[in-house]
Number of protein chains: 2
Amino acid sequence: MQLKHFSDISAAATRVVDAAERLIQVHGYNGFSYDDISREIGIKKPSIHHHFATKAELVRIVIQRYTDTFRGALNAIEISDSGAIARLFGYVDLFSQTYEKDQRLCVCGMLGAEVKSLSEAAAQEVQSFFQMNLDWLTKIIRNGSQSGELRFTSSSPEAHAYALLSTLEGAMIVGRGLAINNAPALAGRTYISNLPA
Amino acid sequence: MQLKHFSDISAAATRVVDAAERLIQVHGYNGFSYDDISREIGIKKPSIHHHFATKAELVRIVIQRYTDTFRGALNAIEISDSGAIARLFGYVDLFSQTYEKDQRLCVCGMLGAEVKSLSEAAAQEVQSFFQMNLDWLTKIIRNGSQSGELRFTSSSPEAHAYALLSTLEGAMIVGRGLAINNAPALAGRTYISNLPA
DNA sequence: GTCTATACTGAGATAGAC
DNA sequence: GTCTATCTCAGTATAGAC
């Protein structure tokens with residue numbers, strides 16, 4: 001079947017996606033129901049099914065929109081900040097801002113853990129999110145290395161991109177388990193502190 | 001009520017815990033049921049309830065045993081490996097070994113993401129696991145710094161411990177989303193590559 | 001686009017026999 | 001310690017009226 005794109009959805013459907021996104025970030029895919037959304041935004045379960053026939057389809061749209069918003073934020077960092085360190089700090093801030101809202105997780109961090117419960121299409125969207133992040137980080141780190149702003153010896157820009165993304169996703173999870181307030185900033189800035197020339 | 005300790009359980013109960021542990025690592029707390037365990041080990045649901053009255057209690061025991069096993073592994077590393085780098089590589093291997101089994105996650109990485117769905121007692125056990133890891137890593141990293149084997153400037157041993165644990169927990173999740181084989185080893189070794197003097 | 005009503009399934013859990 | 005039978009509730013989803 002032909003899958004919808006998130007930008008096509010109505011105002012009412014947008015409210016459903018907003019609620020689903022928040023519920024995923026707090027409770028995970030297997031931890032929320034249409035009933036939870038119903039209570040949160042004040043429309044009944046069948047109305048939600050009218051907008052999103054299945055939970056799998058709803059989640060796919062949530063991830064798609066989340067990834068698109070994140071892409072915009074990455075572009076904004078490149079415009080507002082110059083230099084690798086400043087841009088990496090801006091990147092860390094994206095995760096901090098999410099976590100500061102009631103210790104919400106990255107949508108794809110949560111769904112990455114639950115990926116074996118997702119539809120094939122949703123799992124694909126999670127993969128796209130991670131790949132987009134790795135591509136961007138690799139570019140920033142490679143440029144910083146070539147300009148001399150960053151210095152690292154044995155590992156590649158790709159490896160540092162993967163390690164930094166992992167650090168931030170993990171910091172949110174460990175931070176929540178330990179009830180740490182500024183978890184992503186703490187771990188992310190520590191990682192970056194290893195890289196300056 | 002008086003809570004049980006994992007070391008008190010019978011052989012049949014141990015098989016239940018084994019299955020629950022694996023199911024948590026693959027599907028998460030909200031992603032498995034007593035029925036799944038039933039199918040896996042061939043006893044009926046009420047028999048499982050006989051051993052563990054509630055799912056919350058079962059999960060608490062799973063975490064408790066997992067933490068105890070991990071504690072033993074940390075001690076074994078200190079005996080078999082000398083030097084901070086070797087011990088940190090041994091630590092990374094613990095996560096690699098878990099991930100190599102069908103891309104299983106760390107029990108507490110998964111449950112940390114789902115911590116808002118857990119009982120208070122289970123959440124406490126997750127916290128204890130993370131704290132044990134941070135204490136051990138901090139000790140190893142501080143010793144390595146004092147001996148001159150490790151070198152880092154702006155961050156503390158505590159901060160590096162937190163960042164390295166986060167990196168490994170995150171690497172498993174991102175790695176699974178991207179279907180990367182040696183995810184924890186890749187990210188963990190990259191992190192450690194930043195630290196040698 | 002939203003509703004009431006309802007189907008169907010699976011979940012966690014209990015009663016009581018063996 | 002394990003079983004059959006059953007309870008109750010929540011979950012996803014559909015039918016059909018407004």
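Reminder, nothing fancy here: chain letters follow the sequence lines and each chain counts from 1.
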Might you work through the side chain to side chain contact (heavy atoms under 4.5 Å, CB included) test for A:Arg39 and A:Asp36, ending with a clear yes or no?
-> CA-CA 5 Å; A:Arg39 274 188 289 272; A:Asp36 295 325; 2.8 Å; yes
With sequence neighbours excluded, tell me which residues meet salt bridge (charged side-chain N to carboxylate O under 4.0 Å, His left out) with A:Arg60.
-> A:Glu57, A:Glu125
Applying salt bridge (charged side-chain N to carboxylate O under 4.0 Å, His left out) to A:Glu40 and not counting sequence neighbours gives A:Arg22
B:Asp102/A:Lys116 ion pair, N-O < 4.0 Å | no
Nucleotides bounding contact with chain A, strand DNA chain C, heavy-atom threshold 4.0 Å = C:dG1 to C:dA5
Would a distance-only check, ignoring hydrogens and angles, find a side-chain to backbone donor-acceptor pair under 3.5 Å from [X] to [Y]?
X: A:Ser47; Y: A:Ile43; answer: no
X: A:Arg176; Y: B:Ala113; answer: yes
X: B:Tyr162; Y: A:Ala171; answer: yes

Got a list of protein N/O to nucleotides 13-15 of chain D N/O distances below 3.5 Å?
| from | atom 1 | to | atom 2 | distance (Å) |
| --- | --- | --- | --- | --- |
| D:dA13 | OP2 | A:Lys55 | N | 3.0 |
| D:dA13 | N7 | A:His49 | NE2 | 3.3 |

Hey, can you pull the donor-acceptor pairs under 3.5 Å for the side chains in residues 70-79 of chain A, sequence neighbours left out?
| from | atom 1 | to | atom 2 | distance (Å) |
| --- | --- | --- | --- | --- |
| A:Glu78 | OE1 | A:Lys139 | NZ | 3.4 |
| A:Glu78 | OE2 | A:Trp136 | NE1 | 3.0 |
| A:Glu78 | OE2 | A:Lys139 | NZ | 3.1 |

Pick base, sugar-phosphate or nothing for B:Ser33, based on heavy-atom distances below 4.0 Å to the nucleic acid.
-> sugar-phosphate
Which ones in residues 9-30 of chain B lie close to DNA chain D, meaning a heavy atom under 4.0 Å from one of its atoms?
-> B:Ser10, B:Ala12
Are A:Thr98 and A:Leu105 close enough, and set up right, to give a side chain to side chain contact (heavy atoms under 4.5 Å, CB included), and what steps lead you there?
-> CA-CA 7 Å; A:Thr98 300; A:Leu105 294 195; over 6 Å; no
Side chain to side chain contact (heavy atoms under 4.5 Å, CB included) assessment of A:Val17 paired with A:Arg65 = CA-CA 9 Å; A:Val17 173; A:Arg65 189 185 70 167; 3.5 Å; yes
